Amino acid sequence: MLIRPVRYEDAASLQRHCFGAMTIEQVAAMIESLVDVTDTVSLVADDGSEAVASCTVTRLTHRLCRHRADIGGFVIAPSAQGTGLARRIVNEASRYAREWDCTILEISCRGGTHAEEAYVGLGFTEWARLPGGYREEAGTFDEVRLWKRLDG
Ligand SMILES: CC(C)(COP(=O)(O)OP(=O)(O)OC[C@H]1O[C@@H](n2cnc3c(N)ncnc32)[C@H](O)[C@@H]1OP(=O)(O)O)[C@@H](O)C(=O)NCCC(=O)NCCS
C-alpha cells in the first residue's frame, strides 16, 4: 500500500471507498481545493489500483500557531481498517508536519466512537472535549480534540 499525495484521478475511488455521502463531482471539487495549497497536503493510500484512505494535513495559519499541524478528513475504507494503515498514514502526515517545523500534531473526532480509541492507540492525548459539540442526524457527540508531540 503506497501512501502518496492525492491526484485528480483519485476522485472516483475516493468517492467509492471513503466519501460515499458525496458525489464524484463534490469529491473532485474537494481534491481541486486541496492540490497545490501551501502548507497543506492531502494524502491517499493507494492499493495499486484504488485510493482506499484519505487524510489532509494542514499547518495552522495563525502566527502564534505555526508550530502546529492538524489532520482532518481521516477516512479509511472499512476493508482496510485495523490493518496498520492508520499508523502508516499518521507517520507520513507527521513527516510533512516536521518538514514545516511543526512540533505539535492535532486531530479531532466524535467522542465515544472507534476513532477516539484509535487516535489514543496511535499516541494522541486528549486536550479538549466540548460536550455535545457535534450535532448530526446520527445523534449528538462530544467534540474531542487530541494532540501528539512531533519532537522529542
Ligand atoms: C478513524 C479511522 C481512520 C481509524 O483507522 P483504523 O484502521 O480503524 O484504526 P485502528 O483500528 O488500526 O487503530 C489504530 C491503532 O490504535 C489501536 N487501537 C484501536 N483501538 C484501540 C483501543 N480500544 N485501545 C488501544 N488501542 C487501540 C490499534 O491497535 C492500532 O494500533 P496498531 O497500528 O499498533 O495496530 C477509521 O476507523 C475510519 O476511517 N473510521 C471511519 C471514519 C471516521 O470516523 N473518521 C474520523 C473522523 S473524526
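All values below come from the heavy atoms of this structure, side chains included, with hydrogens, waters and symmetry mates left out. The shown structure was predicted, so the numbers you read here are calculated from the model rather than taken from an experiment. In each ligand, atom 1 is the first atom listed, and ligand 1 is the first ligand listed.
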Query raised in the report: Taking distance alone, with no angle check, do V75 and ligand 1 share an N/O pair under 3.5 Å?
Result: no
Query raised in the report: With backbone taken as N, CA, C and O and side chain as the heavy atoms from C-beta onward, which portion of A118 lies under 4.0 Å from ligand 1: side chain, backbone, both, or neither?
Result: both
Query - Heteroatom proximity flag, F74 to ligand 1, N/O under 3.5 Å - result: yes
Query - Residue and atom name of the nearest protein heavy atom (relative to atom 26 (N) of ligand 1), distance in Å to one decimal - result: G121 CA, 3.7 Å
Query - Nitrogen or oxygen atoms of H114 and ligand 1 under 3.5 Å apart - result: yes
**Report entry** Heavy-atom check, side chain of T38 versus side chain of W100, under 4.5 Å
**Finding:** no
Report task. Taking the side chain as every heavy atom from C-beta outward, state whether L105 and I71 have any atom pair closer than 4.5 Å. Result -> yes
Report task. Do me a favour and list the nearest non-hydrogen protein atom to atom 31 (O) of ligand 1 with residue, atom name and distance? Result -> R87 NH2, 3.3 Å
**Report entry** Non-hydrogen protein atom less than 4.0 angstrom from atom 48 (S) of ligand 1
**Finding:** yes
Query raised in the report: With a 4.0 Å heavy-atom cut-off (strictly under), which part of Q81 contacts ligand 1: side chain, backbone, both or neither?
Result: both
Report task. Compute the shortest N/O to N/O distance between A115 and ligand 1 and return yes if it is under 3.5 Å, no if not. Result -> no
Requested in this report: Considering only non-hydrogen protein atoms, determine which one is nearest to atom 39 (O) of ligand 1 and report residue, atom name and distance to 0.1 Å.
Outcome: I76 N, 2.7 Å
Query raised in the report: Would you call D10-R4 a salt bridge at under 4.0 Å N-O?
Result: yes
Query raised in the report: Relative to ligand 1, is A53 under 4.0 angstrom through side chain, backbone, both or neither, heavy atoms considered?
Result: neither
